[in-house]
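Only this structure's heavy atoms are used, side chains among them; waters, hydrogens and symmetry mates stay out. As the structure is a prediction and not an experimental result, all values here were calculated from the model.
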Amino acid sequence: MHPLRNIFNKIAWDRRESAEDYLIYFTHRGVPGDTREISASLIRKVGASWFTYASEESDETLIPFHRVKRIVNTRTGKSIWTSRVRESR
């Protein structure tokens, strides 16, 4: 199982966690900095290698895990996930 799937499921199902306490940063072409930030409370579904979220702009948007850059706990200010950046050759 992909580590991000475990993280998303923990945020969604662990009673000790609150989805409102987490921000997800992912690659989104066309926005400033090519990075979009959403609250984990917007997540609707988690698949084997993707998640979907709902927003005012669309009913449901699918994001593959490889586009996730970082997940931050806003209560503590700590990153709980940071993607590894591949070095170009």
Side-chain angles (χ1 to χ4, degrees):
M1 186 179 297
H2 195 287
L4 275 174
R5 187 172 186 198
N6 289 336
I7 291 169
F8 287 136
N9 281 327
K10 181 176 181 179
I11 291 170
W13 299 107
D14 189 328
R15 291 178 187 237
R16 296 169 294 182
E17 301 294 340
S18 174
E20 290 82 18
D21 290 339
Y22 294 90
L23 290 176
I24 302 165
Y25 296 84
F26 58 90
T27 301
H28 187 78
R29 303 285 182 238
V31 299
D34 288 335
T35 300
R36 179 141 192 203
E37 166 192 318
I38 64 165
S39 170
S41 64
L42 296 176
I43 293 177
R44 297 294 171 250
K45 297 177 190 167
V46 178
S49 62
W50 51 267
F51 72 93
T52 64
Y53 72 94
S55 68
E56 292 178 5
E57 295 123 20
S58 65
D59 291 335
E60 199 167 66
T61 303
L62 186 139
I63 304 297
F65 287 160
H66 71 268
R67 286 178 43 197
V68 176
K69 293 181 173 183
R70 193 167 61 132
I71 300 174
V72 175
N73 181 320
T74 58
R75 203 168 21 90
T76 64
K78 294 183 179 181
S79 291
I80 63 165
W81 168 269
T82 301
S83 70
R84 293 178 287 173
V85 179
R86 294 182 185 176
E87 293 183 29
S88 57
R89 296 178 186 233

What closest approach, in Å, do K69 and T27 show between heavy atoms, and which atom pair accounts for it? CE-OG1, 3.2 Å

Between V72 and I7, is there shared hydrophobic-cluster membership here, with clusters defined by ILVMFWY side-chain heavy atoms closer than 4.5 Å? no

For S39 and A19, which heavy atoms make the closest approach, and how far apart are they? OG-O, 3.9 Å

Closest approach of V46 and R5, non-hydrogen atoms and distance? CG1-CG, 3.8 Å

Is the ring pair Y53/F51 parallel, tilted or perpendicular, if the boundaries are 30 and 60 degrees? tilted

Answer yes if I71 and I38 sit in the same cluster of Ile, Leu, Val, Met, Phe, Trp and Tyr residues linked by side chain heavy atoms under 4.5 Å apart, and no otherwise. yes

With the 4.5 Å side-chain cut-off for hydrophobic clustering, are I80 and F65 part of the same group? yes

Going hydrophobic residue to hydrophobic residue with side-chain gaps under 4.5 angstrom, can you get from V68 over to L42? yes

Find the distance between CZ (R67) and CG (L62) and round it off to the nearest 0.5 Å. 8.5 Å

Rounded to the nearest 0.5 Å, what's the gap from CZ on R75 to CD on E17? Could you check? 7.0 Å

Whether over 12 other heavy atoms sit under 6.0 Å from D59 CG: no

Closest non-hydrogen contact found for A48 with H2 is O-CB, 4.0 Å

What is the distance from atom CZ of F26 to atom CD of E37, rounded to the nearest 0.5 Å? 10.0 Å

T52 side chain to T61 backbone, donor-acceptor under 3.5 Å: no

Are I63 and I24 grouped together when hydrophobic residues (ILVMFWY) are joined by side-chain heavy atoms under 4.5 angstrom apart? yes

Main chain of Y25, side chain of T35: is a donor-acceptor contact present, judged purely on distance under 3.5 Å? no

